[in-house]
Student: 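Shown below is the structure under consideration.
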Amino acid sequence: MFNRDWKRIGLLLGFSLLIIIAGCGTDKNTKEKASDNSSKNDADKVNYTITGIEPGAGIMQATEKALKEYENLAAGWKVDIASTGAMTAELSKAIDKKKPIIITGWTPHWKFAKYDLKFLEDPKGIYGDVEVIKTIARKGLKEDMPNAYQILERFYWTPEDMESVMLASQDGKSMEEAAKEWIEANMDKIAEWTDGVNEVNGTAIELVHTQWDSEMASTNVVAEVLRQKGFDVKMTPVDVAIMFQSVAAGEGDAAVGAWLPATHKDVYEKYKDELDDLGANLEGAKIGLVVPIYMDIESIEDLPFPS
Ligand code: PBE
C-alpha cells in the first residue's frame, strides 16, 4: 500500500515535471521566435536605416566601417547622414511613440540623462572601447605661452562635470553662461588647474573646437578659465579633420576635443607627429550604435539581414 502510493506520487511528480520542462521548452521557443520577429519588425520599421549625424564625425566613419564589416549590415543597411539636432529630434519623436530607432550615439551627452538608452554590443570592436578625450596643442605653445600651456595641461574633469554643463545649456542657458556657473561652483577644481599660474595681460590665444555639446562645454570652460587669467581667447568652430590639421599646422593654438584611441584614430595618426599631445582631460567617453532600452536587441550582430 505504502509502496504503491509512493509510486503513484512519484509517477505523478515525474509527469508534472515533464510537463513543466516541456512547457519551458515551448515558452523559450516562442519567446525566441517573438524576439526574432520583433527585431525583424523593428528593422522593417526603421527601413534598415541607422539615424546618423554630421558626415565629418568620427562616429560616422566608424559606422561606414561597421556597414562594411558586419555581414548583416553589409547586406543592405544604410546610415542617414544628418545633423546631431535632427538625430536627437528623431530620437525624441521615436521615444514619445515607443517606436524603434537606431542612432549613432555617444556619451557624455545629455541624451543618456534624458532617455533610457543602451549601447548595442559591438563584438567586432569597430567603435572601440571606453575612451578618453584628449587635449592637443601646437608645437611651440609650451615655450610661447607657458601659462596657458600649464592650464591646458592640467585641465581634467569627469563625465559628470561635463554633463552638468551640457544639461544647464540644454535647459536654455548659453554654453558660455553654463560654463561660467560651473566654474563658480567648482573653484576647488579651477584652483588645481591654475595654481601658481601667472596672470597675463591680454595675450591672444585661439582654441579650435568641434560643435558637439561635449566640446562646446569643455572649450567654453577652458576659455573662461584662461580669460580669468588675462588671456584674450578666440574660439573657432571647425570640423574634426580641421581641428587636428589646424593645431598641427600651428594655426590654432590648442583643442580639448580629441576622442581617442578610437573615434578620431585616423586623423590623429595622420597628424600626431606634428602636434603636442597633452593627454586625457576626461576619461569614460564612448561611441557606438544606441537604441532605446525598450527595443528587444542587444548586439549589432543580431540586427536582422534585410530580406
Ligand atoms: N562625437 C562627439 C564626435 C566627437 C564628439 C562622438 C559625435 C565624433 O567625432 O564622432
Side-chain angles (χ1 to χ4, degrees), residues 53-62 106 128 131-157 162 165 175-176 179 183 190 192-283 285 287:
I53 58 165
E54 292 81 0
I59 197 173
M60 291 295 278
Q61 247 180 298
W106 62 95
E131 55 183 356
V132 303
I133 308 180
K134 282 184 165 187
T135 301
I136 53 173
R138 69 168 166 86
K139 287 209 163 154
L141 186 76
K142 189 175 184 172
E143 293 73 32
D144 299 346
M145 294 185 214
N147 298 315
Y149 189 90
Q150 251 190 328
I151 293 174
L152 286 163
E153 198 177 29
R154 290 183 193 161
F155 167 54
Y156 180 87
W157 63 346
M162 183 188 257
V165 177
M175 204 55 99
E176 193 179 333
I183 288 171
I190 309 306
E192 281 173 29
W193 309 340
T194 56
D195 185 38
V197 174
N198 292 328
E199 283 197 19
V200 298
N201 196 1
T203 308
I205 183 166
E206 181 176 354
L207 301 177
V208 286
H209 64 92
T210 56
Q211 291 187 84
W212 288 288
D213 279 19
S214 39
E215 280 54 53
M216 291 306 289
S218 53
T219 310
N220 269 282
V221 164
V222 172
E224 183 56 25
V225 173
L226 287 167
R227 275 186 209 114
Q228 292 181 3
K229 281 285 171 190
F231 284 92
D232 176 13
V233 186
K234 183 176 171 200
M235 287 177 50
T236 309
V238 289
D239 194 42
V240 173
I242 307 294
M243 172 176 84
F244 283 89
Q245 196 190 63
S246 150
V247 173
E251 285 157 11
D253 290 305
V256 293
W259 287 47
L260 292 160
T263 310
H264 298 153
K265 181 175 190 283
D266 293 352
V267 66
Y268 176 77
E269 290 297 326
K270 187 166 170 196
Y271 292 111
K272 69 169 190 241
D273 295 334
E274 295 157 53
L275 47 82
D276 192 354
D277 180 342
L278 280 65
N281 60 54
L282 178 145
E283 289 168 288
I287 64 167

Student: Find the distance between CG (L207) and CG (L226) and round it off to the nearest 0.5 Å.
Tutor: 6.0 Å
Student: Out of curiosity, Q228 CD to T194 OG1, how far, rounded to the nearest 0.5 Å?
Tutor: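 Reported to 0.5 Å precision, the distance equals 8.5 Å.
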Student: Count the heavy atoms belonging to other residues, nucleotides or ligands that lie under 6.0 Å from NZ of K139, then report whether that count exceeds 12.
Tutor: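 Yes, the 6.0 Å shell around NZ holds more than 12 heavy atoms from other groups.
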Student: State which residues pass side chain to side chain donor-acceptor pair (under 3.5 Å) with N147; sequence neighbours excluded, sorted by chain then number.
Tutor: none
Student: What is the minimum heavy-atom distance between V208 and G252, and which atoms define it?
Tutor: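 Between these two residues, the closest heavy atoms are CG1-CA, 4.2 Å.
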Student: Under the 3.5 angstrom rule, does the side chain of E224 hit a backbone N or O of I183 as a donor-acceptor pair?
Tutor: no
Student: Any salt bridge between K134 and D277, counting N to O under 4.0 Å?
Tutor: yes
Student: Nearest 0.5 Å please: distance from the CG atom of L260 over to the CD atom of E269.
Tutor: 8.5 Å
Student: Going through the distances and angles, do Y156 and E283 end up as a side chain to side chain donor-acceptor pair (under 3.5 Å)?
Tutor: CA-CA 9 Å; Y156 180 87; E283 289 168 288; 2.4 Å; yes
Student: Would D195 and R154 pass as an ion pair if we require N to O under 4.0 Å?
Tutor: no
Student: Roughly how far, to the nearest 0.5 Å, is NZ of K142 from CG of D276?
Tutor: 7.0 Å
Student: What distance do Q245 atom CD and L275 atom CG have between them, rounded to the nearest 0.5 Å?
Tutor: 11.5 Å
Student: Closest heavy-atom contact between Y271 and A241?
Tutor: CE1-O, 4.4 Å
Student: Within the side chain of T135, is there an N or O that forms a donor-acceptor pair under 3.5 Å with the backbone of L278?
Tutor: no
Student: Looking at residues at least two apart in the chain, or sitting in another chain, which of them share a salt bridge (charged side-chain N to carboxylate O under 4.0 Å, His left out) with E192?
Tutor: none
Student: Using the side-chain contact (heavy atoms from CB on, under 4.5 Å) rule, take M235 and N220 through it: C-alpha gap first, then chi angles, then the decisive distance, then the call.
Tutor: CA-CA 8 Å; M235 287 177 50; N220 269 282; 3.6 Å; yes
Student: For the atom pair CG (L282) and OG (S218), what is the distance rounded to the nearest 0.5 Å?
Tutor: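 Here the rounded value is 8.5 Å.
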Student: Say whether, by atom type as modelled, one donor and one acceptor occur between the side chain of E131 and the main chain of A262 under 3.5 angstrom.
Tutor: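 Checked: pair present.
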